[in-house]
Amino acid sequence: MKRFARKRKGCIRALCAWFLVWAFAAAQGEEAVRAWGTAGQTAGNSLAAQSQKEENTDLRLYARSAVLMDADSGRILYGKEENEKLPMASTTKIMTCILALENAGLEEEVEVSSYAASQPKVHLGMRQGQKFRLGDLLYSLMLESHNDAAVAIAEHIGGSVEGFAGMMNQKAQELGCRDTFFITPNGLDASVQEADGQKVHSTTAAELARIMKYCIGESPKSEEFLQITRTQSHSFTDLEGKRSYACNNHNAFLQMMDGALSGKTGFTNNAGYCYVGALKRDGKTFIVALLACGWPNNRTYKWSDTKQLMSYGLEHYEYRDVYEEKQLQPLLVEGGIPADGKPYGEAFLDVEVAQEEGEELKVLLKEGEEVECSVLLPEKLEAPVEAGRQVGAVNYCLDGELLREYPIRTKGAMDEMDFAWILRFIWQQYSF
């Protein structure tokens, strides 16, 4: 009889322990989140922003709006009124070119409409009814900046200039360019009345650089884009062979600095001189975008500003590996089955950072810049938990901007200590 009484008391204790765990889990509500970051994060951000602002005043640029971008990460390393919406003239044609490459074949036949043939200078001088190879017109577009070639290409691919402009604006939205609005494929000054007001053909220096980043590195047609824009000269005829044409590259930057990759000039009365270009040297790739960089007779200002910004990037920025190995403590799992298989203790589950062996995170940084690494994890999990579940992240940020996120996942699974499990445990322990 005494033996039976002891077993009955043990059974009651086990049930009480299980119900206490259950009640505690229910009372906790949502999971709390804790974050550990580099000490002095707020002060560090403030000092970095102040340092950036002070250094910005050291550059004397002619452009009203300018950007120096790291083409690998898309981070803006230097900006001057970089978010101001301004006309961009023929730098527009980088979008026209990349869309043509992505949506048509170079051997396609393009017939010239009367509207395309009527475009103002600078133009190829094409005539209504003439037919050209699309690939030849892309050289005309990018080397000589011919306005009639742009319209012929747009009508061929989009059905009309308006249809092609819709494609341009859709691509801009896909790239995250919310302040860019295309009306023409050649960049001539234009405005239209939309439901939300008057719209002007315009972009920002930051978004123009973003579009160039796509053209030279992200588009499936990046190599073709670079080949066209780096070509010094190109000769061709119309498809009937009746007229011959020669195009020469007017992107003088290609000969100004070692490593120059690509670029496009532009000018209209409203936009002034504009330029967007890219350079790759010493493992670093930079993009410069300039808007409103002087008016006649100041056509060389854009080259001065471009060289100054590119030189600034090359001199002040170097790649540093900022990756940190993180040793993470196991997470408490409420309602989980403890490792010893008994219902009295707490249950913990190992977690790990999802990473490759020998992981590196190289970031282009200048002196004084520090990347902040923070770990985001809940204080606890609730059973059941499946293996490989993402439960947190390791974030790397610079001046409050997220550079990279590594997920934290569970290394194994954990079942729930539910009522059925308790009964099985009791039966195994106290059956006789």
Side-chain angles (χ1 to χ4, degrees), residues 65 67 69 71 73-74 76 82-106 108 110 113 115-116 119 134-135 137-138 141-142 145-226 228-229 262 264 266 268 270-271 274 276 278 287 289 291:
S65 178
V67 152
M69 175 182 282
S73 69
I76 293 177
E82 66 270 25
N83 296 315
E84 183 177 359
K85 289 189 279 188
L86 293 169
M88 64 288 210
S90 286
T91 60
T92 294
K93 291 175 175 126
I94 65 172
M95 179 65 92
T96 302
C97 182
I98 203 66
L99 283 181
L101 289 170
E102 291 180 352
N103 291 277
L106 295 179
E108 290 187 20
V110 178
S113 70
Y115 181 63
Q119 293 301 298
L134 176 62
L137 291 185
L138 290 178
L141 176 79
M142 299 305 289
S145 201
H146 288 146
N147 293 317
D148 49 358
V151 171
I153 292 167
E155 291 178 333
H156 175 73
I157 295 172
S160 66
V161 166
E162 293 76 17
F164 190 76
M167 295 172 64
M168 299 171 82
N169 287 319
Q170 181 180 349
K171 176 61 77 172
Q173 290 294 308
E174 291 172 1
L175 298 179
C177 299
R178 308 290 181 236
D179 291 322
T180 296
F181 188 74
F182 293 104
I183 300 174
T184 73
N186 48 29
L188 293 177
D189 295 328
S191 63
V192 294
Q193 185 65 40
E194 296 283 307
D196 54 348
Q198 190 83 0
K199 291 287 191 71
V200 175
H201 186 90
S202 58
T203 188
T204 68
E207 294 191 353
L208 182 58
R210 175 69 187 91
I211 295 169
M212 179 58 99
K213 179 180 186 297
Y214 176 79
C215 291
I216 67 169
E218 299 173 6
S219 168
K221 296 295 183 177
S222 291
E223 285 303 317
E224 291 88 340
F225 178 88
L226 288 170
I228 291 171
T229 56
S262 178
K264 184 69 189 75
T268 65
N270 288 344
C274 303
V276 58
I287 293 170
L291 298 176

Value for CE (Met88) from CZ (Phe182), rounded to nearest 0.5 Å, stands at 4.5 Å
From Met142 CE over to Thr96 OG1, what is the distance, rounded to the nearest 0.5 angstrom?
8.5 Å
Would you tell me whether Thr92 and His201 have side-chain atoms, one donor and one acceptor, within less than 3.5 Å of each other?
yes
Would you call Glu207-Arg210 a salt bridge at under 4.0 Å N-O?
no
Judged by modelled atom types alone, do Ser191 and Gln198 share a side-chain donor-acceptor pair under 3.5 Å?
yes
Whether the side chain of Gln173 engages the backbone of Gln170 through a donor-acceptor N/O pair (distance < 3.5 Å, no angle test) should be reported.
no
Hydrogens and angles aside, do Ser90 and Lys93 bring a side-chain donor and acceptor to less than 3.5 Å of each other?
yes
What's the spacing between Leu226 CG and Ile216 CD1 if we round to 0.5 Å?
6.5 Å
List the steps, then state whether side chain to side chain contact (heavy atoms under 4.5 Å, CB included) holds for Leu106 with Leu101.
CA-CA 7 Å; Leu106 295 179; Leu101 289 170; 3.7 Å; yes
Looking just at side-chain N and O atoms, do Asp189 and Thr268 make a donor-acceptor pair shorter than 3.5 Å?
yes
Atom pair CD1/CG of Ile157 and Leu99 - distance to nearest 0.5 Å:
7.5 Å
Could you state the interatomic distance from CZ (Phe181) to OG (Ser202), rounded to the nearest 0.5 Å?
8.5 Å
Flag, side chain of Lys171 to backbone of Met95, donor-acceptor distance under 3.5 Å
no
Inter-residue atom distance Lys264.NZ - Cys215.SG, 0.5 Å rounding:
12.5 Å
Which heavy atom of Lys221 sits nearest a heavy atom of Ile98, and at what distance?
O-CD1, 4.1 Å
